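Please read the structure below before turning to the comments.
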Amino acid sequence: MSQLVEEIPEIRLSWGSISRAAFAIDSLIGLVTEAVGAALVVVEICILFTGVVSRYVFDSPIIWTDELSTFLFLWLVMLGAVVALRRDRHMRLTTFINWCSPKWRGWLSNVAALVVIVFVLEIIVPARQYLQVQQSTELITLHISDGYRVVAILVGAGLISLVALLRLLETTYWRGFLSALPVVGAIAGALWLAQPMLVAMGSGSIVLFFVVIVAVCVFIGVPIAFTFGIATLSYLALTTQMPLTIVINRLDDGISNMLLLAVPMFVFLGLLMEMTGTARVMVNFLAALVGHVRGGLSYVLLGAMYLISGISGSKAADMAAVAPILFPEMQRRGMHPGELSSLLATSSAMSETIPPSLVLITIGSVVPGLSIAALFTGGLLPAFVAALALVVVAWWRSRKKDKGAGERAPVSLILRTLVIALPGLSLPFVIRYTVIEGVATATEVSTVGVVYTALLGLLVYRQFDWRRIYPILIETVSLTGAVMMIIGTATGMAWALTQSGFSLWLVSVMAAVPGGSWGFLAVTIVAFIILGSVLEGLPAIVLFGPLLFPVAKAMGVHEVHYAMVVILAMGIGLFAPPFGVGFFSACAIGRTNPNDSIWRIWPYIGALVVSLLIVAAIPWLSIGFL
């Protein structure tokens with residue numbers, strides 16, 4: 001490419017001008033979408049908290065809060081998807097492309113960007129048709145057309161395709177762009193011409209679109225949300241006569257679920273906890289209590305993750321709140337950096353069932369009749385069993401490596417740190433009590449936590465940096481868009497699989513597994529460990545939860561018990577090398593080389609597997625307090 005540019009300077013000049021123009025437009029889109037998205041998060045918090053206060057304090061519920069929140073939520077998600085694309089925050093598997101040479105990695109990135117553009121082009125027409133249908137629908141309490149809400153899908157899709165194209169123009173040259181374009185075009189053209197054959201293939205076309213194409217897209221780094229979307233739309237367009245507006249309707253239903261409005265609220269809450277020092281005072285108290293013993297800071301890390309994990313909705317945010325406080329001292333005590341990242345990764349996997357985990361909220365939203373309050377209650381003991389298993393391994397591994405802190409902290413210091421930490425320590429219990437006692441819904445309770453944490457930062461800990469609020473809001477917008485786009489496209493994909501007959505086949509296969517409910521649980525564990533490592537947690541749950549939970553119930557497995565087994569298995573896959581994305585996130589946050597951790601993490605993974613088997617074998621651990 002450099003030789004070609006030297007031979008034809010005008011191409012270099014022309015492409016450079018295009019790249020600069022693309023960068024300017026991209027930056028402008030970023031400024032606008034980030035500002036509007038941040039404002040929407042603030043408005044949503046105010047609306048939901050106002051609803052709680054008016055209903056619980058003044059006994060005068062405001063009837064339009066839920067509808068307005070849902071109305072704005074779709075706009076927040078679509079703009080968040082744009083922000084996430086610009087910031088490269090959409091969930092994707094990077095293991096395979098990282099193994100490639102820089103040349104091939106760049107080319108595959110071009111192909112992935114073109115796949116995103118193709119997906120958006122596929123939904124433009126059905127999204128317009130869906131908008132026309134919804135324009136005649138009037139919202140019950142707001143008394144305006146639903147079209148004002150649904151147009152967010154068109155606006156978001158258009159901006160996503162534009163940003164993807166601009167990023168291509170910014171980061172590649174003519175040769176890279178023109179070599180990737182024919183490949184994507186040839187595959188799309190071949191599938192279009194092969195329509196009669198695809199129809200005749202029957203179930204074979206399901207394998208082609210939902211296994212082969214999904215696997216290829218995931219492996220080359222296409223974001224998972226867009227992978228699910230293009231597989232679903234292509235399958236329905238090329239092999240069925242179903243109107244594609246149904247897919248847009250499914251996507252809308254998946255995103256606009258009122259329960260899932262908790263996603264941005266808890267993300268913001270977790271980031272606010274870190275900013276106000278709430279997480280830090282918890283860690284300081286635990287360190288004063290047991291930090292003097294050998295391996296004590298390992299126990300502190302596990303305890304801190306048990307207390308604060310699941311609130312932010314982001315495993316990376318949870319780990320980032322704890323690791324910087326503990327890792328420097330743990331290394332001074334002789335702990336190997338790879339050991340620290342291994343413990344950090346597995347403690348995150350352990351805490352997946354701790355409420356108010358977004359995984360629990362997602363399961364409650366996609367499985368009909370499953371109570372989120374029951375999931376919140378059922379998730380504590382399974383996580384505690386996993387934490388104990390990790391404590392045993394941490395104790396064994398730290399016997400000769402951890403020098404200990406020497407002297408025990410004075411009782412006065414322990415009491416002082418306890419008093420300081422008590423307001424922060426009470427936050428998880430305030431959240432859980434508020435939901436279980438019916439003071440607020442699982443969605444509204446997040447705003448109670450936000451207000452409580454903000455007051456702690458302003459009045460108690462006196463640590464509230466107003467300059468960080470806007471970046472935190474943007475991070476909330478970005479993560480919300482990334483998570484909710486996966487849920488939306490996975491909802492559409494699950495519907496397509498159901499219509500294709502795959503769900504009936506899956507149910508019959510799972511029901512026929514030898515060993516009854518025990519065999520069913522064993523297959524579930526293996527399947528979700530694999531799915532967790534490849535698809536991460538939320539996509540796997542949204543795809544297969546509605547299909548497998550009814551089977552579990554029919555086989556006599558309590559739904560809450562089954563949820564805990566699924567979540568723990570999925571967490572193991574998410575943080576197990578070499579494919580688990582969470583493992584590499586833990587190494588990045590701990591600033592360690594993955595090669596230093598990849599062999600040290602397996603005893604901890606083994607402890608999690610043992611705890612998972614215990615939870616699967618003893619249902620009481622999940623349902624004993626329901």
Side-chain angles (χ1 to χ4, degrees), residues 286 289-290 293-310 315 318-319 322-323 326 330 335-336 338-355 357 359-360 378-402 518 521-522 524-526 528-530 532-533 537 560-577 580 582-583 586 590 597-625:
L286 294 174
L289 190 64
V290 297
V293 301
R294 289 184 182 273
L297 292 185
S298 297
Y299 312 146
V300 172
L301 189 150
L302 290 169
M305 291 298 290
Y306 191 93
L307 286 173
I308 71 172
S309 189
K315 290 289 112 180
D318 295 337
M319 292 187 288
V322 174
L326 292 176
M330 293 175 80
M335 297 289 287
H336 191 281
E339 192 81 16
L340 301 182
S341 295
S342 299
L343 184 60
L344 182 65
T346 48
S347 67
S348 297
M350 165 271 294
S351 60
E352 288 278 28
T353 67
I354 298 175
S357 165
V359 180
L360 295 176
L380 292 172
L381 272 183
F384 184 72
V385 172
L388 285 180
L390 291 177
V391 164
V392 172
V393 176
W395 168 80
W396 180 262
R397 303 276 286 183
S398 63
R399 289 177 306 148
K400 298 180 180 179
K401 298 177 182 178
D402 192 330
W518 295 109
L521 287 173
T524 295
I525 290 171
V526 174
F528 273 91
I529 288 177
I530 296 172
S533 66
V560 174
H561 176 216
Y562 189 64
M564 299 307 134
V565 172
V566 165
I567 294 171
L568 287 175
M570 177 205 70
I572 292 173
L574 178 60
F575 287 91
F583 168 73
S597 301
I598 197 167
W599 300 113
R600 298 175 183 272
I601 196 173
W602 292 110
Y604 297 101
I605 294 290
L608 290 179
V609 171
V610 170
S611 64
L612 170 57
L613 296 176
I614 292 173
V615 171
I618 307 176
W620 181 87
L621 293 171
S622 303
I623 62 176
F625 293 98

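Because the structure is predicted, anything quoted here is derived from the model rather than measured.
The heavy-atom pair separating Leu568 from Pro382 by the smallest distance is CD1-CB, 4.2 Å. Taking each heavy atom of Ala349 and Ile572 in turn, the nearest pair found is CB-N, 4.4 Å. Of all the heavy atoms in Ile601 and Ala345, the pair that sits closest is CD1-CB, 4.1 Å. Leu301 approaches Ser347 most closely through the heavy-atom pair CD2-OG, 3.5 Å. Nearest heavy-atom pair across Ala387 and Leu302 is O-CD1, 4.2 Å. Contact detail for Met564 and Gly379: the closest heavy-atom pair is SD-CA, 3.6 Å.
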For side chain to side chain contact (heavy atoms under 4.5 Å, CB included), just list the numbers for Tyr604 and Leu390, CA-CA rounded to whole Å, side-chain angles, deciding distance to a tenth of an Å, and then say yes or no. CA-CA 6 Å; Tyr604 297 101; Leu390 291 177; 4.0 Å; yes

Under the side chain to side chain contact (heavy atoms under 4.5 Å, CB included) criterion, do Arg397 and Leu343 qualify, and how do the steps go? CA-CA 11 Å; Arg397 303 276 286 183; Leu343 184 60; over 6 Å; no

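The structure places CG of Leu613 at 11.0 Å from CD1 of Ile618, a figure rounded to the nearest 0.5 Å. Rounding to the nearest 0.5 Å places CG of Leu344 at 6.0 Å from CE of Met305.
With hydrogens and angles disregarded, no donor-acceptor distance shorter than 3.5 Å links the side chain of His561 to the backbone of Leu621. With hydrogens and angles disregarded, a donor-acceptor distance shorter than 3.5 Å links the side chain of Tyr306 to the backbone of Leu380.
With a 4.5 Å cut-off on side-chain heavy atoms, Leu381 and Ser622 do not count as touching. Within the 4.5 Å cutoff, the side chain of Ser611 has no heavy atoms near those of the Leu388 side chain. Side-chain atoms of Ile529 and Met570, non-hydrogen and from C-beta on, never get closer than 4.5 Å to each other. Here the side chains of Leu574 and Glu352 are in contact, with some heavy-atom distance below 4.5 Å. Side-chain contact check for Val609 versus Ile525: every heavy-atom pair is 4.5 Å or farther apart.
Classification of the Phe625-Trp620 ring pair by plane angle, with boundaries at 30° and 60°, yields tilted.
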